[in-house]
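Below: one structure, written as structure tokens.
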Amino acid sequence: MIKLNYKDIELNIDEKKKTAYLYGTYLRFVDVQICFMNYGKIDEIETLQVMDGISTMEPWFLTEFRGLKRLILTDSISSFAENYSFSLRHCLKDCNELDYLKLPAGIKRVTSNVLPCVKEVYVPAGITAIDKFAFSNIYRLENIIVDDNNQDYKSVNGVLFTKNGLSLLAFPCGRGGDYTVPDETMEIASGAFDASGIDNILLHENITIIGEYSFRNCHNLTSIKLPDKLRLLSQTAFDGCEKLNRIECNDSCRKFQTVNGELCSDDGCEVVLVPKTTSGEYKVRTGISILGERAFSGSRITKIDISEYVLFIRDYCFKDCINLEEVIIRAQRPYPTVGKYIFSGCKNLKCLRYYASDPDFPNKCCYGEADDEIIYAPNVMLSKVSKGYFAAVAAGFISMIVHKEHLREDIFEDVMNDMRKRFYLLHQRALLDKTILDFLLQADMIPYSQAFVLFQRSQKNNTDEGIQVALKEYLRKYESEEDTD
């Protein structure tokens, strides 16, 4: 046994068992470092046991134990003295072979910063609070063990539940295959199956709640059948389940119904959730009046045609539909009530067409993170569009004109006049889209001085070569015309 000492800290190392024992009262990072600085094989230690009597531990020294497989922390520890940069999870991030972690009862609460990437976690009797998502994204976790004397939690075959079994709190991320939820369980808690490898899950009819992000990033989940008594389904429950192709429920389900593999409200008026594998063009069925919150989130649709019967488009309805390129809203009075950030993350959305006489309709839509990438082509006059949306709407009109799409003659004249008055709002888009640039140049909407500035900017920003050539030729033509005059 090798013994190392510094101040009140003692480190005993059994090299044969590859085990280290730490003694003391307050494990300060600097003191522990000094204690074992003369031992050159710390990264060969496989088991570290922090012994009784220690109340506070600064875990930063654990970064040296790269070969650690088992970490046993005494129940007397009540604080990790963590800060933003050095949480227990962060300090153990390089321990790629960590198989077992015994948590100390003294910390009372398990947060998302505590648990590192480990195969098995032991929760002692003294733990009284476990935060939502505390066990999320621990991709190696296969087993959660809870002390039988814990008053608040229990483990059933390695899965974490509340003590009464009514709520399933955490399913180990590293486990896959099939799983049947116990009969007494009534709630799938927030983040319960987050990022797990589960293939199939059987939910019995007594489950009434499926919480937020409960099945998020379950990449192997292809279908799910909802329980008959389900009352609350979070709109984020299946975020990131890109293989989910069917959501089913029985005719006896009180809250929902399945139509063509989609989840709808019990009265059939609301699209609650479409499978993530839904792709291609999508036309909203007659009778649908509500597109629910996140209803199409993460799906693969490329185009959606929204009928005039839709009265509500809820928040984040099309969030992260990265294949979505075109949206048609056939709005009639009363115009649909549009939620916030309905197109957030739709990075390839190029065209939104709506058919309504309300000039403020585009301003009622909060289009989300990709505003500058979206082209809008409504049938309203540009003079009625706010400055913030002018460039986008004008670009949409240009697209319609170039592609010879139908545009009323009176609107065409007003559009051209408005663009000449506010041409400067289109210049930035002209550097991103040669179609817009060509149109503006041909319509003589870019003065020589502005064209020169754009040309310099295009060279500085390594803009598309075709755009640079077009500007250069325009400048040359302009100069030759000046010389002729």
Side-chain angles (χ1 to χ4, degrees), residues 322 324-327 343-354 359 362-363 365-405 407-485:
I322 59 174
L324 185 60
E325 295 182 353
E326 183 175 358
V327 176
F343 298 123
S344 175
C346 297
K347 297 181 178 180
N348 290 306
L349 182 58
K350 296 183 178 68
C351 183
L352 173 110
R353 304 182 189 283
Y354 73 87
N363 302 324
C365 301
C366 297
Y367 294 103
E369 302 162 1
D371 285 348
D372 59 337
E373 300 175 29
I374 301 173
I375 297 175
Y376 306 104
N379 61 336
V380 294
M381 297 179 187
L382 288 183
S383 58
K384 297 180 180 180
V385 177
S386 68
K387 181 178 178 180
Y389 286 99
F390 179 89
V393 177
F397 273 119
I398 290 173
S399 177
M400 295 177 75
I401 294 168
V402 168
H403 292 95
K404 296 181 171 46
E405 297 184 33
L407 195 63
R408 279 178 21 213
E409 194 171 319
D410 59 329
I411 290 182
F412 177 79
E413 290 180 10
D414 283 329
V415 164
M416 296 297 288
N417 290 333
D418 287 335
M419 282 196 283
R420 286 191 178 94
K421 292 176 184 176
R422 293 191 275 178
F423 62 86
Y424 58 91
L425 292 174
L426 282 167
H427 286 181
Q428 187 59 42
R429 282 185 173 269
L431 286 180
L432 301 174
D433 189 330
K434 190 171 182 298
T435 301
I436 297 175
L437 176 66
D438 289 341
F439 180 86
L440 296 178
L441 293 175
Q442 290 172 16
D444 200 24
M445 291 187 189
I446 303 183
Y448 176 84
S449 58
Q450 290 294 319
F452 186 74
V453 171
L454 289 178
F455 178 66
Q456 288 184 316
R457 194 183 300 167
S458 68
Q459 288 183 309
K460 182 179 179 181
N461 298 336
N462 293 321
T463 305
D464 177 73
E465 186 176 349
I467 290 177
Q468 292 189 46
V469 170
L471 284 168
K472 191 173 183 179
E473 290 178 351
Y474 178 75
L475 290 170
R476 190 177 298 151
K477 178 183 176 183
Y478 200 103
E479 289 168 353
S480 63
E481 290 175 353
E482 288 286 311
D483 291 338
T484 302
D485 293 341

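The figures here come from the full heavy-atom set of this structure, side chains too, leaving out hydrogens, waters and symmetry mates.
From Asp418, atom CG reaches atom CG of Leu425 across 11.0 Å, with rounding to the nearest 0.5 Å. Separating the CZ atom in Phe455 from the CD atom in Glu473 is a distance of 10.5 Å, to the nearest 0.5 Å. For the atom pair Glu465 CD and Lys434 NZ, the distance stands at 11.5 Å (nearest 0.5 Å). Separating the CD1 atom in Ile467 from the OG1 atom in Thr435 is a distance of 9.0 Å, to the nearest 0.5 Å. Note: Asp433 CG to Phe439 CZ = 12.5 Å, rounded to the nearest 0.5 Å. Here Ile398 contributes atom CD1 and Met419 contributes atom CE; the two are 5.0 Å apart, rounded to the nearest 0.5 Å.
When all heavy atoms of Ala391 and Leu426 are compared, the closest pair comes out as O-CD2, 3.7 Å. Nearest heavy-atom pair across Ile322 and Gly345 is CG2-O, 3.9 Å. Between Arg420 and Met445 the shortest heavy-atom distance is CG-CE, 3.8 Å. The shortest non-hydrogen separation linking Leu437 to Ile446 is CD1-CD1, 3.9 Å.
Contact check for Leu431 versus Leu471: side-chain heavy atoms found under the 4.5 Å cut-off. Taking 4.5 Å as the limit, some side-chain heavy atom of Ile401 sits within range of a side-chain heavy atom of Phe412.
No more than 12 heavy atoms of other residues, nucleotides or ligands shown are found within 6.0 angstrom of CZ on Phe452.
Considering only residues two or more places apart in sequence or on other chains, Arg457 meets the side-chain hydrogen bond (donor to acceptor under 3.5 Å, both in side chains) condition with Gln428. Legend: residues meeting salt bridge (Lys or Arg N to Asp or Glu O under 4.0 Å) with Lys421, ordered by chain and number and at least two apart, are absent.
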